[in-house]
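What follows is a set of notes on a single structure, which appears directly below.
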Amino acid sequence: MSSVLYSLGRWAVRARRLVVAMWVVALVLVGGAAGLLQQGLDNQVSIPGTESQEALDRLAATFPQVSGASAQVIVVAPDGGTINDDAMRAAIEDGVEDLGDVSQVEVVTSPYDDLMPASVSDDERATLLTIQLDGDQGSITDETKDALGVETEALAQALPAGAEAHLGGQLFSSKFPEMTLTEGIGLLVALVVLVLTLGSLVAAGLPLLNALLGVGASMGLLFAATVLGPINSTTPMLAVMLGLAVGIDYALFIVSRHREQLGKGLDVHESIARATATAGSAVVFAGLTVMIALVGLGVAGIPFLTIMGVAAAVTVGVTVLVSLTLLPALLGMAGERLRPRPSRKERRAAARAAAAAVEASQGGAAQASAQDDPEATRTRVAVVAPPEEKQNRFFAGWVRAVTKVPALTVVLVIAGMGALSYPALDLRLALPDAGVMAKDDPARVTYDLVSENFGDGFNGPLIVTGSIVTSTDPVALMDQIGDEIADLPGVADVPLSTPNESADTGIIQVVPEGGPTSAETEALVREIRSLHDHFLDEYGVDLAVTGFTAVGIDVSDKLGNALLPFALVVVGLSLILLTMVFRSIAVPIKATIGYLFSVGAAFGVVSLVFEHGVFAEALNVTRTGPVISFMPIVLMGILFGLAMDYEVFLVSRMREDYVHGGSAKHAISTGFQGSAKVVTAAAIIMIAVFVAFVPHGDMNLKPIALGLAVGVAVDAFVVRMVFVPAVLALLGEKAWYMPKWLDKVLPSFDVEGEGLTRELSLTDWPEPGATDAVAAGDLEVHGASGTIVGPVSVRVPDGGTLLVHGDATAPVSAFLLAVAGRIKVSGGVAKTGGLVLPERASSVRRLAAVVDSAAEDGRPAAAVRRALGDKPKVLVVDGTETVGDLAARAELAQAVAGAQAAGVAVLLGSTGFAATDLAPAGTPVLDVTPGERAGAGAHLATDTDVTEQEVRA
């Protein structure tokens with residue numbers, strides 16, 4: 001992948017004006033589509049298949065008067081008065097009539113109506129008018145909502161002095177979240193961190209621009225997608241929050257790598273291509289993990305949550321695409337302005353080194369005296385030796401401290417994470433209602449007045465419904481069932497128990513003692529449902545509990561039940577992906593445990609704030625209690641991707657230093673110092689963006705934002721930068737153990753661009769300007785039967801021919817298939833068509849054709865001619881010894897000659913004898929007959945006797 005990204009980066013730089021123009025056009029088109037197609041957002045939450053939703057669907061057909069959305073108007077008489085006062089009654093009756101005339105209003109209850117009476121408080125000072133609307137919450141227009149507000153205001157004006165009327169209820173229980181200036185503070189913090197990290201205002205501006213463009217394109221797509229179906233109003237805010245965070249971070253990784261390479265003197269265009277390939281590979285990996293986790297929200301089987309996850313995943317995908325195309329183009333436009341300027345101290349050191357180098361190169365006599373004087377020799381070598389990478393004192397001290405006594409560090413982290421996660425046991429989930437709105441919001445005022453005058457339960461009554469088509473006395477039947485439910489513990493009142501007009505469906509309105517999101521109300525719903533069989537046996541009625549409150553309870557239950565399977569998917573995914581990246585067993589397990597620490601800490605802090613009220617006032621939490629139902633599963637999905645992001649950037653650098661010959665302990669220190677600065681900056685930026693959505697954010701989003709901020713802080717600074725180094729230090733060399741069989745099974749994910757680095761280092765191998773079709777240096781290959789072929793060194797020029805001979809089939813086939821990109825090269829160096837193996841094996845397979853003579857019924861010539869139709873650069877013909885018929889061999893020789901005439905390099909494999917009759921006289925022979933290497937314990941091919949000059953001849 002790094003090679004593909006390297007090519008993409010080079011193209012984006014060369015075509016930078018075109019790339020920028022394409023993105024500008026794309027933004028215009030997406031923005032236009034959003035403006036033309038968008039249908040608005042939706043606040044309705046439903047789950048098909050739950051008892052409450054199915055009951056609502058049945059009521060929509062049999063009892064539409066109670067199945068739609070509802071609103072409430074609470075009217076309170078002045079001190080010392082009652083609603084039965086003449087002035088109060090006249091105003092209320094007129095108000096009920098006017099409210100009933102509003103479009104989409106089905107019926108309005110009245111305290112003076114005997115058939116459908118409105119609830120009246122015990123002291124008769126307040127009444128609660130219920131407005132039943134025709135349609136669900138999503139179908140009620142803004143015009144209807146505004147008209148209800150106007151009529152309620154008119155009612156309030158008509159009431160006597162000191163009386164009041166307020167509008168609220170289910171229809172107004174949630175509102176669309178809005179962006180505020182507070183969210184912009186996160187971007188300002190990000191800009192400051194970027195300037196401090198990158199040391200350049202231009203460099204710091206690019207990640208911000210990258211994130212804003214990615215979010216802009218994503219929002220256009222999201223609003224255009226509303227034409228396909230409803231999208232929850234929280235979705236855009238979640239996508240914006242996530243898009244800004246990952247957009248800035250992903251760009252930071254690429255820009256910081258680019259400036260690091262520029263500081264080492266690399267050409268601008270080459271540096272951009274390499275940064276896109278190396279840091280860009282990690283960006284792709286991190287983005288994919290976030291996207292997979294977000295799409296995995298569909299595990300819950302809840303439509304609105306699936307849409308939310310897909311929308312957020314699209315935002316991350318667009319951000320990754322912007323980072324890999326537009327960002328390199330912008331870096332190309334910035335050019336040399338991003339190259340770090342050496343400090344005054346570095347300039348003086350460079351001048352001294354240059355002067356010393358000139359002095360060291362002067363005069364033969366001076367050189368001779370230096371050679372005779374060991375001290376002078378040491379001085380000269382010290383002057384011209386490349387400077388060591390400057391050590392970061394702060395992070396060097398950090399990693400020394402956490403790895404000095406690694407077992408103690410691990411124990412302290414586990415204890416701390418356990419203590420921080422413990423409050424999560426009290427975390428309760430529910431759909432938010434008007435009670436979480438700001439205290440001066442009209443719907444919240446209504447909510448509080450209802451609780452004060454009637455009790456919490458009147459803010460979320462339950463509806464118990466069932467078919468009564470077999471009843472001969474439906475009115476008496478509903479009264480009996482209503483009376484029995486009224487006697488249940490936790491029931492405050494049963495104000496309504498009636499059949500519909502056709503007497504085939506009955507409803508019972510049940511007012512709980514607890515509020516809509518209270519544990520008592522949940523218990524009451526479960527109690528009524530547990531009596532289902534009793535009512536069925538006793539009255540022959542199949543009762544179901546529904547209503548806004550019951551729907552919220554069912555949503556929370558289903559989301560809670562989905563947490564475990566989702567966690568298993570996420571944990572399993574992290575184990576597999578990290579094993580692919582780090583080629584280790586211990587590292588993925590450690591990373592996954594760390595992720596669970598971060599999730600637990602995030603849940604614990606959210607519970608402390610929202611359940612227990614710790615710092616609730618400072619964070620502008622309007623009411624403590626349950627948090628929104630989908631917070632845990634959304635937080636787990638997003639935090640998974642971010643945690644893997646930090647894991648990759650930190651640990652991959654350690655692995656790189658370890659693989660390149662460093663000790664396990666030293667690799668922890670050098671790798672930590674090399675990546676901790678960028679990880680720290682990225683984490684601070686993400687925390688700032690998430691925290692900015694907490695103080696004045698929507699109550700739906702507030703716990704998610706706080707949880708993500710805490711999760712990122714814990715994951716970056718405790719898990720990845722304390723727990724991870726300590727565990728790796730504790731394990732030592734064992735941390736990088738990987739069973740050979742597992743290493744073969746799992747595909748490799750070159751996140752840090754090691755393959756590209758190897759390719760670039762072999763650009764001029766075996767010599768500058770070489771055009772060999774095949775070149776191998778000390779090549780070793782594991783054959784199908786476990787045989788090891790090699791070391792083999794050979795070169796085949798373009799259009800050349802090589803006979804590969806051996807006493808056994810496996811070594812010959814293994815060598816041929818390896819240079820053709822079909823099996824993995826195990827050691828040494830190999831190039832086919834100028835492409836390095838095994839890094840470019842997929843490309844080699846496209847330019848190297850393979851014909852197995854044994855599979856062609858003794859007549860492989862036709863297969864050779866077919867293969868030449870694809871115009872390969874290299875043709876491999878294996879198993880030529882199986883072609884025993886003289887005519888078939890002559891035909892094969894003719895086909896091989898045709899390949900040679902077309903300039904195709906040909907490799908012919910045979911066992912038992914060299915197939916010299918199939919190639920021109922003098923064609924070199926590579927002998928891969930197995931021999932014995934002392935102490936190796938494996939069969940090996942002997943080194944070739946064919947010299948480079950013989951092959952080229």
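Please read these numbers as outputs of a predicted model, since none were measured by experiment.
Thr319 pairs with exactly one of Val246, Leu242, Leu324, Leu244 by the side-chain contact (heavy atoms from CB on, under 4.5 Å) rule, that one being Val246.
Nearest heavy-atom pair across Val13 and Gly332 is CG1-CA, 4.3 Å. When all heavy atoms of Ala601 and Val710 are compared, the closest pair comes out as O-CG1, 4.0 Å. The two atoms that bring Ala705 and Val694 nearest to each other are CB-CG2, 3.9 Å, heavy atoms only. Closest approach of Ser598 to Asp715, counting heavy atoms only: OG-OD1, 2.7 Å. For the pair Ala735 and Val587, the tightest heavy-atom approach, listed with the atom from each and the gap, is O-CG2, 3.6 Å. Of all heavy-atom pairs between Met219 and Ala239, the closest is CE-CB, 3.5 Å.
In this structure, Tyr646 OH and Met686 CE are separated by 4.5 Å, a value rounded to the nearest 0.5 Å. Here the straight-line distance linking atom CD of Gln261 with atom CD of Glu270 works out to 8.5 Å at 0.5 Å rounding. With rounding to the nearest 0.5 angstrom, the CD1 atom of Ile704 is 7.5 Å from the CG atom of Leu635. If you take CZ on Phe223 and OG on Ser218, they are separated by 12.0 Å, rounding to the nearest 0.5 Å. Expressed to the nearest 0.5 Å, how far OH of Tyr6 lies from CZ of Arg10 amounts to 4.5 Å. In this structure, Thr306 OG1 and Leu294 CG are separated by 11.5 Å, a value rounded to the nearest 0.5 Å.
Contact of the Phe717 side chain with the Thr680 side chain is registered, since non-hydrogen atoms from C-beta on lie closer than 4.5 Å. Leu213 has its side chain out of reach of Trp23: every pair of non-hydrogen atoms, C-beta onward, lies at least 4.5 Å apart. Annotation: side chain of Val4 is not in contact with side chain of Leu8 (no heavy-atom distance under 4.5 Å). Looking only at side-chain heavy atoms (C-beta outward), Ser421 and Phe603 stay at 4.5 Å or farther from each other. You'll find the side chain of Leu206 stays beyond 4.5 Å of the side chain of Asn210, heavy atoms only.
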Determine, step by step, whether Glu260 and Ser256 satisfy the side chain to side chain donor-acceptor pair (under 3.5 Å) criterion, reporting the C-alpha distance in whole Å, the side-chain angles of both residues, the deciding distance to 0.1 Å, and the verdict. CA-CA 6 Å; Glu260 179 185 335; Ser256 62; over 6 Å; no
Worked verdict on Thr226 versus Leu37 for side chain to side chain contact (heavy atoms under 4.5 Å, CB included): CA-CA 7 Å; Thr226 56; Leu37 300 177; over 6 Å; no
Between Glu647 and Tyr595, is the side chain to side chain contact (heavy atoms under 4.5 Å, CB included) condition met? List the steps. CA-CA 10 Å; Glu647 177 76 12; Tyr595 161 70; over 6 Å; no
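Panel note: side chain Tyr250, backbone Gly280; no donor-acceptor pair is recorded below 3.5 Å. Between the side chain of Thr276 and the main chain of Ile272, a donor-acceptor pair closer than 3.5 Å is present. Within the 3.5 Å criterion, the main-chain N or O of Gly335 finds no donor-acceptor partner in the side chain of Arg339. Panel note: side chain Lys702, backbone Leu619; a donor-acceptor pair is recorded below 3.5 Å.
Ring orientation note: the planes of Trp398 and Phe395 are tilted relative to one another, at an angle of 30° to 60°.
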